[in-house]
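Notes to accompany the following structure.
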Amino acid sequence: MEQKPISRQGFEALRQELKDLQENQRPEILKVIEWARSLGDLSENADYSAAKEKQRHIDKRIQFIQSIIDNAQVVDVDSLSGNRVVFGAKVLTEDQDGNRMECRILSDVESDGRQVISCSSPVGRALIGHCVGDTCVVRLPSGEKEFEIIDVKFKD
């Protein structure tokens, strides 16, 4: 499987979440399941059903995080510099209507869709590789939109 970039901060946050899920949340829900089982008839036991559902959710999240960690290419964003947009860059752009947008380009799991955008999103893909002063075209569902790159920073 192809490695995907993630910032060191994002990677560490995922490792902490995985540790919490494996060492705290999963053992706790297993205790609840055991307690609910002791109540008897499982077919009409809402506590048991809810606990099993939560266990499934926790197990899926553990698998998801583990797959990201296993395929991560950790990027130390603080060591980057230059005027070219790359993964980890904080970019200030202006569209053809004069609206400014400032965002950092990071991984899918770190993206919030506003201040942090995904490197695989249409905007992220369009900006990466361009320099300050360049104009790039982003293909959006609503049509094409042009952005001029005003500034590129790596440190806040």
Side-chain angles (χ1 to χ4, degrees), residues 1-33 50-156:
M1 193 170 198
E2 165 188 353
Q3 285 195 316
K4 295 191 177 187
I6 187 170
S7 71
R8 181 160 311 289
Q9 296 87 345
F11 185 79
E12 291 304 322
L14 283 177
R15 281 188 31 186
Q16 288 297 333
E17 182 181 353
L18 181 62
K19 182 179 179 181
D20 179 55
L21 287 167
Q22 291 175 326
E23 295 178 6
N24 299 322
Q25 292 186 39
R26 192 163 195 289
E28 188 62 37
I29 200 64
L30 292 176
K31 288 177 188 173
V32 172
I33 290 171
K52 287 298 283 184
E53 181 62 31
K54 183 155 185 165
Q55 179 192 14
R56 280 190 290 279
H57 174 74
I58 289 170
D59 288 345
K60 282 182 181 180
R61 185 69 182 165
I62 287 171
Q63 284 180 327
F64 175 74
I65 293 172
Q66 193 63 59
S67 72
I68 291 171
I69 288 174
D70 290 346
N71 298 305
Q73 175 190 3
V74 180
V75 177
D76 187 6
V77 175
D78 295 332
S79 69
L80 300 174
S81 62
N83 69 346
R84 182 174 298 279
V85 179
V86 295
F87 179 89
K90 190 171 200 174
V91 185
L92 176 63
T93 64
E94 186 174 310
D95 67 14
Q96 64 263 29
D97 299 326
N99 299 316
R100 289 191 170 205
M101 172 183 73
E102 185 174 42
C103 59
R104 184 169 300 276
I105 300 175
L106 293 174
S107 67
D108 298 340
V109 294
E110 297 170 281
S111 170
D112 65 11
R114 291 183 174 200
Q115 295 178 343
V116 179
I117 62 169
S118 169
C119 59
S120 62
S121 70
V123 175
R125 284 193 319 264
L127 294 175
I128 288 178
H130 288 89
C131 296
V132 172
D134 286 355
T135 299
C136 58
V137 177
V138 179
R139 287 174 180 76
L140 300 169
S142 60
E144 290 186 348
K145 195 167 192 176
E146 286 187 7
F147 289 95
E148 180 183 352
I149 299 172
I150 307 296
D151 192 24
V152 176
K153 296 187 278 188
F154 293 93
K155 294 184 169 108
D156 289 325

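Atom set for the values below is all heavy atoms of this structure, side chains included, hydrogens, waters and symmetry mates excluded. Since the structure is predicted, the reported quantities are computational estimates derived from the model, not experimental observations. We count residues from 1, following the sequence as given.
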Check your understanding: Picking from V85, V86, V77, V123, what satisfies side-chain contact (heavy atoms from CB on, under 4.5 Å) with I105?
Key -> V85
Review point. What are the two closest non-hydrogen atoms of D151 and K153, and how far apart are they?
Key: OD2-CG, 3.5 Å
**Study point:** Backbone of V116 reached by a side-chain donor or acceptor of S111 within 3.5 Å
**Key:** yes
Review point. Is R104 reaching over with its side chain to a backbone N or O of G88, donor-acceptor style, under 3.5 angstrom?
Key: yes
Review point. Going through the checks in order, is the side-chain hydrogen bond (donor to acceptor under 3.5 Å, both in side chains) test met by E2 and N71?
Key: CA-CA 7 Å; E2 165 188 353; N71 298 305; over 6 Å; no
Review point. With side chains defined as the heavy atoms from C-beta onward, is the minimum distance between Q73 and K4 less than 4.5 Å?
Key: no
Review point. What pair of heavy atoms forms the shortest contact from T93 to V91, and how long is it?
Key: CG2-CG1, 3.5 Å
Review point. Can you tell me how far CZ of F87 sits from OG of S107, rounded to the nearest 0.5 angstrom?
Key: 5.0 Å
Practice item. With rounding to the nearest 0.5 Å, note down the distance linking CZ in R15 to CD1 in I69. Key: 7.0 Å
Point to revise | Nearest atoms (heavy-atom pairs only) where I117 meets G124 | key: CD1-N, 3.8 Å
Check your understanding: Does S7 reach the side chain of V75, with side-chain heavy atoms less than 4.5 Å apart?
Key -> no
Practice item. Kindly give the heavy-atom pair with the smallest separation between L106 and E110, and that separation in Å. Key: CB-OE1, 3.6 Å
Exercise for review: From the options H57, Q55, R56, select the one residue that forms a side chain to side chain donor-acceptor pair (under 3.5 Å) with E53.
Suggested key: R56
Practice item. Please name the pair of heavy atoms, one in L14 and one in I65, separated by the smallest distance, quoted to 0.1 Å. Key: O-CG2, 3.6 Å
**Study point:** Separation of S67 OG from I62 CD1 (nearest 0.5 Å)
**Key:** 12.0 Å
Review point. Can you tell me how far the CE atom of M101 sits from the CG atom of D95, to the nearest 0.5 Å?
Key: 8.5 Å
Check your understanding: Out of curiosity, N24 CG to I29 CD1, how far, rounded to the nearest 0.5 Å?
Key -> 13.0 Å
Study note, to complete from the structure: By side chain to side chain contact (heavy atoms under 4.5 Å, CB included), F64 pairs with (sequence neighbours left out) R61, I68, V109
Check your understanding: Looking only at heavy atoms, what is the nearest atom pair of A72 and I6, with distance?
Key -> CB-CG2, 3.7 Å
Point to revise | Carboxylate-amine/guanidinium contact D78 R8, below 4.0 Å | key: no
Check your understanding: Does atom CD of E12 have more than 12 heavy-atom neighbours from other groups under 6.0 Å away?
Key -> yes
Review point. Taking the side chain from R84 and the backbone from G129, do they hold a donor-acceptor pair closer than 3.5 Å?
Key: yes
Revision key, fill the gap. Residues passing the side chain to side chain donor-acceptor pair (under 3.5 Å) test with D97, sequence neighbours excluded, are none
Point to revise | Side chain Q16, main chain A13, donor-acceptor under 3.5 Å | key: no
**Study point:** Residues R100, E148: salt bridge by 4.0 Å N-O rule
**Key:** no
Review point. Is it the case that Q66 and D70 place a side-chain donor and acceptor less than 3.5 Å from each other?
Key: yes
Check your understanding: Should C131 and V152 count as side-chain neighbours, where that means a heavy-atom distance under 4.5 Å?
Key -> no
Check your understanding: How many angstroms lie between atom NE2 of H130 and atom OG1 of T135, to the nearest 0.5 angstrom?
Key -> 8.5 Å
Check your understanding: Among pairs that include at least one residue of residues 115-142, which meet salt bridge (charged side-chain N to carboxylate O under 4.0 Å, His left out), considering only residues two or more places apart or in two chains?
Key -> R139-E144
Review point. Is there a donor-acceptor contact under 3.5 Å linking the side chains of N99 and E94?
Key: no
